[in-house]
Amino acid sequence: MNQQENAIKGVLKQQLIVDSESGPYKTIQEAIDRAEPNTVIKIAPGLYSSNIVINKPGLRLEPKEKVGDIIIVVSSKPTILVDLKKDERCTLIGLKMSHSGTSEEVEELEKLIEGQEMAKHLFGSHEDGAGGLEQNPDEEFVSKVTIDSSLNCVVLLNGGKLFMEDCIIALNFIVKSFKGILPGIAVNQNAEALFIRCEIKGTSSKNQDAKTIGIIVKLGDLIIKDSKIHNHTYGGILIQQAPTNKNVRVMNSKIIQNKKVGIHVVGSDAIPQIEQCRIENNEGPGIKVGIGNRARIYGNEIKTNVVGIEVLSADPQIFNNKIDKNFTDGILTKVFEQLRCDGKIKTNQTISGNKENGIHCTGQNNYTRIEQNAFIGYNKKAGIKADTESRISIYKNKITKNLGQGVLLVETSSAVIEKNEITDNIKANIALGGANSVDTFIVENKILGGRCEGIFLIECGRCWIFRNKIAENNDGIVCITAVPIISGNEIQKNKSNGIMIIKDSRPEIIENKINHNDGIGLFIRDKSHGKILKNEINANEIELVVERRNPSLESIVQDNQVSGDIRIPQNYDCTIQ
């Protein structure tokens with residue numbers, strides 16, 4: 001008999017039958033205790049109520065029959081504890097598992113916090129912002145919790161490798177007297193889990209007091225595919241990862257209707273991957289990325305969460321997603337204690353219909369890059385908003401039809417805005433200004449069709465507006481108490497004025513083509529003055545109007561080509577050629 005036949009014969013011998021009524025083994029643990037390594041344990045349909053410990057390699061637990069449910073329910077400790085050596089593996093197929101949570105022990109998890117403040121301290125909150133957090137948010141719940149063999153949960157992977165397929169974990173039968181937090185699955189340090197076509201269901205609407213988590217991973221590896229994690233009160237999937245955990249992936253799965261957060265990943269320089277998932281209706285961030293984490297978030301549908309994706313001083317890649325209809329911002333990137341934020345938001349299909357901003361970047365040392373996104377539109381506020389000293393880049397995006405501004409830079413923030421199509425926004429296509437607002441570059445964009453201004457500047461310092469096409473807006477550029485350099489632009493066919501310079505502005509307006517605007521090509525008023533050189537100003541209703549309240553301030557107006565009507569007060573000290 002050859003080696004292959006010996007192997008087949010060995011496998012056939014290594015089968016044990018569990019049947020709670022007729023045996024030969026009436027409990028699953030009894031069969032495990034009698035099994036040799038690599039045994040297949042076939043389980044008859046029925047209800048099993050004893051804790052299970054798998055500590056032998058190669059065991060496979062699966063249904064004996066094609067019909068009928070195998071239901072395993074316990075009241076304390078793990079329903080199934082897998083405790084193997086590093087390279088040993090076991091398999092669970094087609095089981096239904098639960099936990100009643102009737103243990104009266106006070107969980108270690110509960111001791112981490114006090115009362116109803118649990119959510120705020122463990123998870124932070126969208127409303128708090130960076131300044132309101134009392135501790136390093138990267139050391140919250142998933143980082144602090146200790147996973148040990150007495151933890152109340154359904155499946156505890158304490159060591160080795162677990163493959164689980166076509167299983168259901170249900171946590172909607174937890175008794176109301178249970179005081180702790182109960183995870184569906186807990187994966188401990190250095191363990192490896194692979195889940196395919198599994199459902200991990202939390203509490204029902206009738207029992208919202210129970211505190212459940214779908215999956216918690218503590219420095220282990222996790223691959224979850226084609227699965228559904230839903231209705232958990234303390235988050236769908238919580239992952240603490242180290243760079244040495246190379247396989248942390250959530251793929252083709254549904255993460256829906258969880259409270260606090262859909263997926264939360266923490267761990268500096270770790271690279272979890274979240275791909276092709278539906279992440280919806282979570283009462284918190286759909287995905288939250290913790291400090292220094294480098295998550296890759298690809299091809300997901302992320303909608304109707306409180307915020308779509310929240311990034312905290314991290315460096316994720318957010319590519320090719322649909323991030324729509326979230327109840328605040330589609331994407332929020334923010335800074336904790338001035339730790340740098342470097343997220344890249346690129347080639348997403350849609351960032352649209354969010355009830356606040358499409359993308360919101362806030363905090364000093366925020367260097368978020370927003371590139372080549374196909375559609376940032378129909379958001380209730382701005383398409384892109386930056387504030388609080390953030391320094392972002394916006395490159396080759398289509399930003400259109402937002403109900404607020406296309407791009408809004410508030411107070412101390414700045415941006416490089418280059419080669420975008422920024423069109424048809426209800427307020428200004430681009431608006432910037434406020435205290436200490438300086439160093440913004442607006443270069444080679446198409447700024448078209450705004451209901452208000454193409455570019456609106458107010459109380460801002462030096463910024464550069466170069467080589468843009470600014471057309472068919474209400475006004476092309478409106479500058480109020482600002483100091484821009486406006487050069488090489490085509491400012492055409494705006495419904496009112498081409499450029500308006502108001503109050504105490506001091507611009508340099510050089511080598512622009514300002515023509516075919518329905519109102520005034522260049523309108524200077526109040527105390528504004530500056531350099532107006534080498535522009536082509538023609539075919540406007542009125543080419544140039546100066547209304548000066550302080551005629552002693554001189555402007556340099558030279559070498560311009562002005563073909564039509566000019567209105568300048570007699571005491572205006574300037575030269576026009």
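Nothing fancy with the numbering, it's 1 onward along the sequence. Because only heavy atoms are used, hydrogens play no part in the values below, and waters and symmetry mates are left out as well, while side chains stay in.
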Apply ring pair (Phe, Tyr, Trp, His ring centres under 6.0 Å) to Tyr395 and list each qualifying residue two or more places apart in sequence or on a separate chain.
none

Residues two or more places apart in sequence or in another chain: which of them pass side-chain contact (heavy atoms from CB on, under 4.5 Å) with Asn354?
Asn326, Ile351, Asn379

Non-hydrogen atoms of Asn445 and Glu418 that approach each other most closely
OD1-C, 3.4 Å

Salt bridge (charged side-chain N to carboxylate O under 4.0 Å, His left out) assessment of Glu310 paired with Lys334
CA-CA 8 Å; Glu310 183 174 324; Lys334 58 184 183 179; 3.1 Å; yes

Set of side-chain contact (heavy atoms from CB on, under 4.5 Å) partners for Ala374, sequence neighbours left out:
none

Pair listing, salt bridge (charged side-chain N to carboxylate O under 4.0 Å, His left out) test, anchored in residues 481-497, at least two apart:
none

The single option from Ile477, Ile394, Ile447 that satisfies side-chain contact (heavy atoms from CB on, under 4.5 Å) with Ile430 is Ile447

Donor-acceptor side-chain pairing of Ser352 and Asp324 below 3.5 angstrom
yes

Quick check: does any side chain N or O of Asn245 sit under 3.5 Å from a backbone N or O of Leu219, one acting as donor and the other as acceptor?
yes

Do side-chain atoms of Ser528 reach the backbone of Lys503 as a donor and acceptor pair under 3.5 angstrom?
yes

Look only at the side chain of Asn497 and the backbone of Asp475, and say whether a donor-acceptor pair between them is shorter than 3.5 Å.
no

No-hydrogen, no-angle side-chain donor-acceptor test under 3.5 Å, Asp504 and Thr481
no

Within the distance-only criterion (no hydrogens, no angle test), does the side chain of Asn489 pair as donor or acceptor with the backbone N or O of Ile470 below 3.5 angstrom?
no

Applying side-chain contact (heavy atoms from CB on, under 4.5 Å) to Ile502 and not counting sequence neighbours gives Val478, Ile480, Met500, Arg525, Asp526

Here the gap from Ile384 atom CD1 to Ile399 atom CD1, rounded to the nearest 0.5 Å, amounts to 3.5 Å

Sequence neighbours left out, what passes ring pair (Phe, Tyr, Trp, His ring centres under 6.0 Å) with Tyr367? Give chain and number order.
none

May I have all residue pairs that pass ring-ring contact (aromatic ring centres under 6.0 Å, His included) and include part of residues 495-515, sequence neighbours excluded?
none

Donor-acceptor contact below 3.5 Å, side chain Asn293 vs main chain Pro316
no

Report yes or no: does Asn282 contribute a side-chain atom to a donor-acceptor pair with the main-chain N or O of Asn305 at less than 3.5 Å?
no

Rounded distance [0.5 Å steps], NZ in Lys346 versus CD1 in Ile370:
13.5 Å

Closest non-hydrogen contact found for Asn468 with Ile442 is ND2-O, 2.9 Å

Of all heavy-atom pairs between Lys380 and Lys355, which one has the smallest distance, and what is that distance?
CB-O, 3.1 Å

Which residue is it: Asn373, Asn348, Val407? I am looking for the one with a side-chain contact (heavy atoms from CB on, under 4.5 Å) to Asn397.
Asn373

Could you work out, with side-chain contact (heavy atoms from CB on, under 4.5 Å) as the rule, every residue matching Ile542, not counting sequence neighbours?
Ile520, Val545, Asp565, Arg567

For Phe456 versus Ile458, what's the shortest heavy-atom pair and its separation?
CE2-CG2, 3.7 Å

Taking the side chain as C-beta and beyond, is there a heavy-atom pair between Val443 and Lys419 under 4.5 Å?
no

Quick one: ring-ring contact (aromatic ring centres under 6.0 Å, His included) pairs with a partner in residues 274-308, sequence neighbours left out?
Tyr298-Phe319

So, for Ile465 and Pro484, which heavy atoms are closest and what is the spacing to 0.1 Å?
CD1-CB, 4.4 Å

Check Ile287 against Ile279 and note the closest heavy-atom contact, atom names and distance.
CD1-CD1, 3.5 Å

When you measure from the side chain of Ser313 to the backbone of Phe336, do you find a donor-acceptor pair of N or O atoms at a distance under 3.5 Å?
yes

Go through the steps to decide whether Arg467 and Glu444 satisfy the test salt bridge (charged side-chain N to carboxylate O under 4.0 Å, His left out), and finish with yes or no.
CA-CA 5 Å; Arg467 301 187 300 279; Glu444 296 183 2; 3.0 Å; yes

Output yes when a side-chain donor or acceptor of Asn560 lies under 3.5 Å from a complementary backbone atom of Ile537, and no otherwise.
no

With side chain to side chain contact (heavy atoms under 4.5 Å, CB included) as the test, would you mind laying out the steps for Gln364 and Val335 before giving the verdict?
CA-CA 7 Å; Gln364 187 178 6; Val335 170; 5.7 Å; no

Using the test side chain to side chain donor-acceptor pair (under 3.5 Å), find all partners of Arg340 that sit at least two apart in sequence or belong to another chain.
Asp342

Under a 3.5 Å cutoff, is there a donor and acceptor pairing between the side chains of Thr400 and Thr423?
yes

Residue list, side chain to side chain donor-acceptor pair (under 3.5 Å) with Glu543, at least two apart or on another chain
Asn540

Run the salt-bridge test on Lys254 and Glu280 with the 4.0 Å N-O cut-off and return the result as yes or no.
no

More than 12 non-hydrogen atoms from neighbouring residues, nucleotides or ligands closer than 6.0 Å to CZ on Arg369, yes or no?
yes

Kindly indicate, with the supporting measurements, whether the criterion side chain to side chain contact (heavy atoms under 4.5 Å, CB included) is fulfilled by Ile392 and Ser413.
CA-CA 8 Å; Ile392 67 174; Ser413 63; over 6 Å; no

Can you name the residues that form a ring pair (Phe, Tyr, Trp, His ring centres under 6.0 Å) with Phe327, not counting sequence neighbours?
none

With distance as the sole criterion, is a donor-acceptor pair present between the side chains of Thr304 and Asn281 under 3.5 Å?
yes

